[in-house]
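From a predicted model like this one, the values you see are computed outputs, not experimental measurements. Indexing begins at 1, ligand by ligand and atom by atom, following the structure's order.
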Amino acid sequence: MKKLRGIIGLLLVATIITLTGCGSSSQKSDSSSAQSDIKAIKDRGKLKVGVKVDVPKFGYKNPKTSKIEGFEIDLSKAIAKKILGDENKVEFEAVTAKTRGPLLDSGDVDMIAATFTITDERKKSYNFSDPYFTDSVGLMVKKASGIKDLKGLNGKTIGVAQSATSKQAIQDSAKKVGSTVKFLEFGSYPEIKAALDSGRIDCFSVDGSILFGYLDSSTEILKERFTPQEYGIASKKGNDALAKTINETINDMKKSGEIDKLIKKWGIK
Ligand code: GLU
């Protein structure tokens with residue numbers, strides 16, 4: 001019995017040591033994982049990046065060349081160069097507003113450079129770099145609708161993407177101009193555009209840069225813009241060495257004027 005008590009006692013002590021030791025050992029593994037996040041990319045020989053493929057000038061699959069190109073593609077290449085010494089050691093994966101977070105969580109991609117607005121809420125889940133661009137939320141309507149501004153959308157239905165900042169932004173702005181609007185949420189931008197074309201919704205709202213990818217002869221983007229959206233590069237929490245490297249690259253590029261050059265190169269206003 002004494003022996004058994006002794007064994008239980010030892011087990012308890014061992015458990016307590018393991019539990020209390022947890023803080024220091026996890027700190028150790030945190031710092032080693034902070035090193036290993038970069039090492040894993042180096043061992044793999046490729047930086048995996050989630051990008052948009054339907055946002056002209058930012059992340060866009062050029063139908064003529066089948067290549068993905070744009071400002072955020074060039075930023076990703078610069079980060080690949082910083083980590084791997086070669087801007088071509090980068091692999092792109094197409095993401096949407098809905099899929100980019102989960103793809104980062106699952107480790108399918110190392111980082112997201114995809115018109116991802118920095119918000120306090122998102123900062124709880126991901127590391128964000130300092131902003132590299134500011135866009136604002138726009139409204140696209142059918143030219144034939146005669147709608148000219150947010151006030152004119154009173155009583156109308158606006159299509160927005162799930163997991164996007166657009167609904168909140170327009171809800172707040174509509175209140176200010178005394179408009180009551182309804183929302184329909186969709187999984188992807190092509191679905192919103194199709195709903196606009198079929199008359200299911202009266203307006204398609206998202207960041208101006210994204211709207212441009214869906215502009216055609218029957219639609220127009222209204223002049224009014226709302227709620228500045230600061231774009232940052234997101235990476236997984238815990239991958240802190242990677243986050244630091246990304247941020248250093250962005251800030252170096254800001255200081256050297258490279259970011260401004262890229263904005264010019266892509267004709268972004
Ligand atoms: N930039 C906005 C956001 O992060 C719009 C959605 C999108 O980027 O697709 O929510």
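Contacts with ligand 1 closer than 4.0 Å are made by side-chain heavy atoms of D207 only, the backbone lying farther away. Counting heavy atoms closer than 4.0 Å to ligand 1, residue R122 contributes side-chain atoms (C-beta onward) but none from N, CA, C or O. When non-hydrogen atoms are compared, ligand 1 lies under 4.0 Å from the side chain of R100 (C-beta onward) but not from its backbone. Under 4.0 angstrom from ligand 1, there are no non-hydrogen atoms of T96.
Residues S163 and K98 have side chains that never bring a donor and an acceptor to within less than 3.5 angstrom of each other. A donor and an acceptor atom, one from each side chain of T249 and K82, are nowhere located under 3.5 Å apart. Side-chain contact, N239 with N127: no donor N or O sits under 3.5 Å from an acceptor N or O. Under the 3.5 Å distance criterion, with hydrogens and angles disregarded, no donor-acceptor pair is assigned to the side chains of S209 and D207.
A salt bridge does not link K193 to D54: none of the charged side-chain nitrogens sits closer than 4.0 Å to a carboxylate oxygen.
When each atom of ligand 1 is checked for a heavy atom of Y231 under 4.0 Å away, the hits are 1 (N). The A97 neighbourhood of ligand 1 comprises atoms 9 (O), with distances under 4.0 Å to a heavy atom of that residue. Heavy-atom contacts of K52 reach the following atoms of ligand 1: 7 (C), 8 (O), 9 (O) (cutoff under 4.0 Å). Within ligand 1, the atoms closer than 4.0 Å to a non-hydrogen atom of T165 are 2 (C), 3 (C), 10 (O), numbered from 1 in the order shown. Of all the atoms in ligand 1, the ones that sit under 4.0 Å from a non-hydrogen atom of Y189 are 6 (C), 7 (C), 9 (O). Near A164, the atoms of ligand 1 lying under 4.0 angstrom from a non-hydrogen atom of the residue are 6 (C), 10 (O). Within ligand 1, the atoms closer than 4.0 Å to a non-hydrogen atom of I210 are 7 (C), 8 (O), 9 (O), numbered from 1 in the order shown.
A 4.5 Å side-chain heavy-atom check between K57 and F71 finds every atom pair outside the cut-off. Using a 4.5 Å heavy-atom threshold, the side chains of S76 and M111 count as touching.
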Legend entry - Residues E248, K255; criterion salt bridge (Lys or Arg N to Asp or Glu O under 4.0 Å); working and verdict: CA-CA 10 Å; E248 271 169 17; K255 270 184 226 139; over 6 Å; no
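Among the atoms of T115, some N or O lies under 3.5 angstrom from an N or O of ligand 1.
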